[in-house]
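Everything on this sheet refers to the single structure shown next.
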2 protein chains.
Amino acid sequence: MKISEVAELTGLSVSTIRFYEKSGLCPFIQRGADGKRRFSKTDADWLGLLASLRATGMPMSEMRTFADLYASGDATIPKRRATLLAHRQRLAARQAELERCRTILDRKLQKYEEIMKDQT
Amino acid sequence: MKISEVAELTGLSVSTIRFYEKSGLCPFIQRGADGKRRFSKTDADWLGLLASLRATGMPMSEMRTFADLYASGDATIPKRRATLLAHRQRLAARQAELERCRTILDRKLQKYEEIMKDQT
DNA sequence: CGCTTGACCTAAAGCAGCTTCAGGTCGGTA
DNA sequence: TACCGACCTGAAGCTGCTTTAGGTCAAGCG
């Protein structure tokens, strides 16, 4: 698989994938004889997971740690699980905050509507 | 009201409030004779709204436009309403994406659990 | 009275997480 | 053969803050 396909698949940009590799989030991507990156299905899945983690606000430093665990094999699965569990907590908090902000916006919109009604 | 109190109230940091003023998101904050910022209740409410907009991902450029409208008085309320309506759409999309990511994380966690069970 | 402490101030540098740009190498096609 | 498009690299640029360095001033303490 080539980089443009992985970008398409994961929603990450081609630049971001290269940037992630340089940052050590996927240092194991192979190259063809032509020097171009060749992604296995597993690589693509991994990048997809990274995309979800980033989209939900995991800092790169933590993703880096997570990637190091991933690269060390199945023995690190309990640690990875713990990381994801902690992250899920933060995600829930984030979702709650967005919901709170949504009601604030909705209330503000209602106020606008009242003012507009009063003025006609 | 002083800046530390507004920070407490809105959840923004003192630095962020100063930064927002410099960026034109609240250029109308008064100063006391001592040169310190003095915030009215209205100012604090405005910053609270800004905080919600930022927390939900509105870019500063758009907040800037929104702030300019706010500073121009009630006549701009229809435009402000339109801005918030559009933003609410994006917020809904964002919430949907977080939800999607949450199920991905949950599935990954389940896989980890299966692997750990198999290995015992 | 002088001295420190703490809240405020500014301007500028630093940081995270990308994106964009400049410049170069290929393989395929008109 | 000459160009196009996809890939490559390294470096600079961008956004949205945070941190740092350096300064003012009022309050409180020995």
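We name chains A, B, ... by the order of the sequence lines, and we start the count at 1 in each one.
The ring pair (Phe, Tyr, Trp, His ring centres under 6.0 Å) pairs that include a residue from residues 76-98 of chain B number zero, where partners must be two or more places apart or lie in different chains. Residue pairs satisfying the ring pair (Phe, Tyr, Trp, His ring centres under 6.0 Å) criterion with at least one member in residues 59-79 of chain A, sequence neighbours excluded, are listed as follows: Phe28(A)-Tyr70(A), Trp46(A)-Phe66(A), Trp46(A)-Tyr70(A). Sorted by first and then second residue, the side-chain hydrogen bond (donor to acceptor under 3.5 Å, both in side chains) pairs with a member in residues 6-20 of chain A read Ser13(A)-Thr16(A); sequence neighbours excluded.
Residue Lys2(A) has its side chain nearest to dA6(D) when only dC8(C), dC17(D), dA6(D) are considered.
What separates CE of Met60(B) from C1' of dC14(D) is a distance of 13 Å, to the nearest Å. Atom CZ in Arg64(B) sits about 15 Å away from atom C1' in dG16(D), given to the nearest Å. Atom CE of Met63(A) and atom C1' of dA16(C) are 12 Å apart (whole Å).
Glu62(B) is linked by a side chain to side chain contact (heavy atoms under 4.5 Å, CB included) to Met58(B), Pro59(B), Thr83(B), Arg90(B), counting only residues two or more places apart in sequence or in another chain.
In this structure, the side chain of Thr76(A) does not engage the main chain of Lys79(A) through any donor-acceptor pair within 3.5 Å.
At dG10(D), none of the side-chain N or O atoms of Arg18(A) fall inside 4.0 Å of OP1 or OP2 (strictly under the cut-off).
Atom CD of Gln119(B) has more than 12 heavy atoms from other residues, nucleotides or ligands within 6.0 Å.
Residues Asp68(A) and Thr65(A) have side chains that never bring a donor and an acceptor to within less than 3.5 angstrom of each other.
Within residues 19-53 of chain A, the residues approaching DNA chain D are Arg31(A), Gly35(A), Lys36(A), Arg37(A), by heavy-atom distance under 4.0 Å. Of all the residues in residues 8-16 of chain A, Ser13(A), Ser15(A), Thr16(A) reach under 4.0 Å from DNA chain C with at least one non-hydrogen atom.
Counting only heavy atoms from C-beta outward, the side chains of Lys108(B) and Arg80(A) never approach each other to under 4.5 Å.
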